Peer 1: 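Pasting in a structure now, in structure tokens, and then I'll have a few things to ask.
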Amino acid sequence: MIIGIIEDDRLLSKSLEILLQKDGYQIICMHTRQEAKECLKGTEALLIIDIGLPDGNGIELYQYLHKKGAAKKIPAIFLTARDEEQDMLNAFNAGADDYVVKPFSMNVLLKRIEVVLKRNGLNICKEETFRCGEIVLNPRKKQVLLKNKEILLTAKEYKLLEYFMQNVGQVLTKENIMEHIWGIDGQYVVDNNVSVLVNRLRKKIELNGENEYIKNVFGLGYRMEEIK
């Protein structure tokens, strides 16, 4: 399910992108009216539009997209720093499904998005994914992407990466890993097997050593860290 974000505040736009991606949505970010005109395909499930864009008004943009057919059936939530009644009325008259005044709670916005999508008959069956830096792991497909390119892992490498990504920032001891990866057979696995498996995984996700996702925690085990 694709959501288009048209917001000129790049920090807010990035925050929304991260939030919505973690919630299972695919995101297209645009920062101006012109970008929106060029990038929107009409297949988006929802548009989140800032009213005060640097090259024009977000409400007028939505009306333009409607006329062109690019957003004919796409619901929209408008964002604005203004809370005047006339602004709200203008947005709803233009076809807005909701109107959110900045600053706002991200959790409340997520709920508003769900309500708008349900109201418009869109199935909110989001695909769970785990993300860490430039790594995206899809448990249902058993697929791992690094910089948007699929990387091939063995069954144990995949299981280890999934375990790390479910516990980003947490220290995992070698005993934890042995039990999770080898199960009851973990009692017959030596520490070196864990080290070898971790090193094999590192070579596949830490290309040229440019990002150190998995760090050794001396005397304890390993920890996966978010790469900024």
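Only a predicted model underlies this, so the values are computations on that prediction, with no experimental measurement involved. Position 1 is the first residue of the sequence; numbering continues from there.
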Peer 1: To check you understand the geometry: which heavy-atom pair defines the closest contact between L201 and E157, and what is its length?
Peer 2: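 In terms of heavy atoms, the two residues are closest at CD1-O, 4.0 Å.
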Peer 1: Assess the pair F78 and F92: is the distance between their ring centroids shorter than 6.0 Å?
Peer 2: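 That pair fails the under 6.0 Å test.
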Peer 1: Would you say K204's side chain and L152's backbone share a donor-acceptor pair under 3.5 angstrom?
Peer 2: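 At least one qualifying donor-acceptor pair exists.
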Peer 1: Looking at K102, I want to see if its NZ is surrounded by more than 12 non-hydrogen atoms of other residues, nucleotides or ligands under 6.0 Å.
Peer 2: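 Atom NZ in K102 is packed in, count exceeds 12.
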Peer 1: Same cluster or not: are I18 and I113 linked, directly or through other Ile, Leu, Val, Met, Phe, Trp or Tyr residues, by side-chain heavy atoms under 4.5 angstrom apart?
Peer 2: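 Per the 4.5 Å side-chain linkage, I18 and I113 are not co-clustered.
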Peer 1: Restricting to non-hydrogen atoms, name the atom on D50 and the atom on L79 that form the minimum distance, rounded to 0.1 Å.
Peer 2: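 The answer is OD1-O, 3.2 Å.
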Peer 1: Could you list the donor-acceptor pairs under 3.5 angstrom formed between side-chain atoms of residues 216-225 and any protein atom two or more places apart in sequence or on another chain?
Peer 2:
| residue | atom | partner | partner atom | Å |
| --- | --- | --- | --- | --- |
| N216 | OD1 | R202 | NH1 | 3.2 |
| N216 | OD1 | R202 | NH2 | 2.6 |
| R223 | NE | E225 | OE2 | 3.0 |
| R223 | NH2 | E225 | OE2 | 2.8 |

Peer 1: Any luck finding a side-chain donor-acceptor pair between N176 and T173 under 3.5 Å?
Peer 2: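 The criterion, which ignores hydrogens and geometry beyond distance, is satisfied for T173 and N176.
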Peer 1: Can you tell me how far the CD atom of Q34 sits from the CG atom of L53, to the nearest 0.5 Å?
Peer 2: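 Answer rounded to 0.5 Å: 12.0 Å.
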Peer 1: Taking only Lys NZ, Arg NE, NH1 and NH2, and the carboxylate oxygens of Asp or Glu, determine whether K215 and E212 approach each other closer than 4.0 Å.
Peer 2: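 Salt bridge flag = yes for E212 with K215.
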Peer 1: Could D55 and R33 be called an ion pair, given the rule that one side-chain N must be under 4.0 Å from one carboxylate O?
Peer 2: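 No salt bridge links D55 with R33.
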Peer 1: Go through the side-chain N and O atoms of K37 and T32 and say whether any donor and acceptor fall under 3.5 Å apart.
Peer 2: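 T32 and K37 do not have a side-chain donor-acceptor pair below 3.5 Å.
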Peer 1: Is the NZ or CZ atom of K142 positioned over Y158's six-membered ring, under 6.0 angstrom from the centre and within 45° of the axis?
Peer 2: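 No; the conditions do not both hold, so K142 does not lie above the ring face of Y158.
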Peer 1: Are Y62 and L89 connected in the hydrophobic side-chain network, where two residues link if heavy atoms are under 4.5 Å apart?
Peer 2: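 Unlinked, Y62 and L89 end up in two clusters.
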Peer 1: Where do Y99 and E84 come nearest, in terms of heavy atoms and distance?
Peer 2: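 Scanning both residues, the minimum pair turns out to be OH-O, 4.5 Å.
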Peer 1: Which one of L137, I214, I135 satisfies the side chain to side chain contact (heavy atoms under 4.5 Å, CB included) criterion with F164?
Peer 2: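 In the set L137, I214, I135, the residue that makes a side chain to side chain contact (heavy atoms under 4.5 Å, CB included) with F164 is I214.
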Peer 1: Does K14 NZ have over 12 foreign heavy atoms under 6.0 Å away?
Peer 2: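 12 or below, so no.
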Peer 1: Is there a donor-acceptor contact under 3.5 Å from the side chain of E150 to the main chain of L145?
Peer 2: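 Here the side-chain-to-backbone pair does not exist.
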Peer 1: Return the CD to CD1 distance between E7 and I51, rounded to the nearest 0.5 Å.
Peer 2: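 Result: 11.0 Å between the selected atoms.
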Peer 1: Does a sphere of radius 6.0 Å around CD in E85 hold more than 12 heavy atoms from other residues, nucleotides or ligands, not counting ones at 6.0 Å or beyond?
Peer 2: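 No.
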Peer 1: Hydrophobic cluster membership, with links at side-chain heavy-atom distances under 4.5 Å among I/L/V/M/F/W/Y: are L146 and Y163 in one?
Peer 2: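 Yes: a chain of side-chain contacts under 4.5 Å links L146 to Y163.
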Peer 1: Find the distance between CD1 (I49) and CD1 (I77) and round it off to the nearest 0.5 Å.
Peer 2: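 CD1 of I77 is found 10.0 Å from CD1 of I49.
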Peer 1: Looking at Q170, is its backbone amide N or carbonyl O close enough to the side chain of N167 to form a donor-acceptor pair, meaning the two atoms are under 3.5 Å apart?
Peer 2: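 No, N167 side chain to Q170 backbone: no donor-acceptor pair under 3.5 Å.
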Peer 1: Give a yes or no on whether V198 and F130 share a hydrophobic cluster (residues Ile, Leu, Val, Met, Phe, Trp, Tyr; joining criterion: side-chain heavy atoms under 4.5 Å apart).
Peer 2: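 Same hydrophobic cluster.
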Peer 1: So which heavy atom on P75 is nearest to which on N120, and how close?
Peer 2: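 So the minimum-distance heavy-atom pair works out to CB-ND2, 3.6 Å.
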Peer 1: In Å, rounded to the nearest 0.5 Å, how long is the span from NZ of K159 to CG of L197?
Peer 2: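 Here the interatomic distance stands at 11.0 Å.
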Peer 1: When you measure from the side chain of N90 to the backbone N and O of I59, does any donor-acceptor pair fall under 3.5 Å?
Peer 2: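 Answer holds: no.
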Peer 1: Could you tell me whether a side-chain N or O of S13 sits under 3.5 Å from a main-chain N or O of D9, the two making a donor and an acceptor?
Peer 2: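 Pair absent, no side-chain N/O of S13 close to backbone of D9.
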Peer 1: Got a donor-acceptor contact below 3.5 angstrom from the D97 side chain to the A76 backbone?
Peer 2: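 Yes, D97 side chain to A76 backbone: donor-acceptor pair under 3.5 Å.
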Peer 1: Can you get from V136 to I151 by hopping between Ile, Leu, Val, Met, Phe, Trp and Tyr side chains that sit under 4.5 Å apart?
Peer 2: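 Shared cluster, no.
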Peer 1: Check whether more than 12 heavy atoms from other residues, nucleotides or ligands sit under 6.0 Å from atom CG of N148, and answer yes or no.
Peer 2: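 Not more than 12 within 6.0 Å, no.
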